[in-house]
Participant: 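Submitted below is the structure of interest, expressed as structure tokens.
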Amino acid sequence: MNAVINVNLTSVFNVTNNILNIMPDGGRIISLSSIVGMGGNFGQCNYSATKAGIIGFTKSLSKELARNKITVNAVAPGFIKSPMTDKIPIIMTRTIA
């Protein structure tokens with residue numbers, strides 16, 4: 001569980017925190033979240049929580065950096081057919097959208 005949090009959320013916070021010192025006014029910060037960060041998903045509580053955390057972090061940081069005309073966004077893609085998603089019950093992937 002901690003590995004997922006460190007990779008998906010702590011890393012975004014740390015990289016963003018370090019880049020802010022050199023970010024020019026008018027800069028842009030883009031992070032990668034997931035659609036499951038907005039609606040959860042079967043069997044993915046830890047992953048979903050980290051992606052929701054990125055969305056909350058993005059919203060808060062955008063308010064803090066607006067005075068410097070720095071935009072902050074998160075991209076939240078949906079599911080892509082793969083061996084991993086083939087294991088998710090179809091009803092679960094459709095309730096997210």
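Note that these values count all heavy atoms, side chains included, but never hydrogens, waters or copies made by symmetry. Computed from a predicted structure; not experimentally measured.
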Participant: Could you report the tightest heavy-atom contact between Val12 and Ser31, atom names first, then the distance?
Facilitator: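 What the structure gives for the nearest pair is CG1-OG, 3.6 Å.
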Participant: Between CD1 of Ile5 and OG1 of Thr10, what distance do you get to the nearest 0.5 Å?
Facilitator: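 It is 7.0 Å, given to the nearest 0.5 Å.
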Participant: Is it true that Val36 and Met38 fall in one hydrophobic cluster, defined by side-chain heavy atoms closer than 4.5 Å?
Facilitator: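 Same hydrophobic cluster.
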Participant: Is Ile22 reachable from Val72 through a run of I, L, V, M, F, W or Y residues, each pair having side-chain heavy atoms under 4.5 Å apart?
Facilitator: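 Looking at the clustering, Ile22 is in the same group as Val72.
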Participant: Are side-chain heavy atoms of Asn41 and Ser48 found at a separation under 4.5 Å?
Facilitator: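 Side-chain contact under 4.5 Å: no.
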Participant: Do Asn2 and Asn46 make a side-chain contact, defined as non-hydrogen atoms from C-beta onward lying under 4.5 Å apart?
Facilitator: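 Heavy-atom side-chain distance check fails, nothing below 4.5 Å.
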Participant: Indicate yes or no: at least one non-hydrogen side-chain atom of Thr16 is less than 4.5 angstrom from one of Phe57.
Facilitator: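 Yes - at least one pair of side-chain heavy atoms lies under 4.5 Å apart.
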Participant: Between OG of Ser62 and CG of Asn73, what distance do you get to the nearest 0.5 Å?
Facilitator: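 If we round to the nearest 0.5 Å, Ser62:OG and Asn73:CG are 8.0 Å apart.
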Participant: Let me confirm one number: the CD1-CG distance from Ile19 to Asn14, rounded to the nearest 0.5 Å.
Facilitator: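 The CG atom of Asn14 is 13.0 Å from CD1 of Ile19, to the nearest 0.5 Å.
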Participant: Any side-chain heavy atom of Val4 sitting closer than 4.5 Å to one from Asn6?
Facilitator: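 In short, these two side chains do not touch, never coming nearer than 4.5 Å.
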Participant: So do the side chains of Ile29 and Met23 get within less than 4.5 Å of each other, counting heavy atoms only?
Facilitator: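 Ile29 vs Met23: side chains touch.
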Participant: I need the Leu9 CG to Thr50 OG1 distance, nearest 0.5 Å.
Facilitator: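 Spacing of CG (Leu9) from OG1 (Thr50) equals 6.5 Å.
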Participant: Where do Ser33 and Ile54 come nearest, in terms of heavy atoms and distance?
Facilitator: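 Scanning both residues completely, I find the closest heavy atoms to be CB-CG2, 4.1 Å.
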Participant: Distance check, rounded to the nearest 0.5 Å: Lys51 atom NZ versus Leu32 atom CG?
Facilitator: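 The NZ atom of Lys51 sits 5.0 Å away from the CG atom of Leu32.
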Participant: For the CD atom of Glu64 and the CG atom of Leu20, what is their distance to the nearest 0.5 Å?
Facilitator: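 Separation between the atoms: 9.0 Å.
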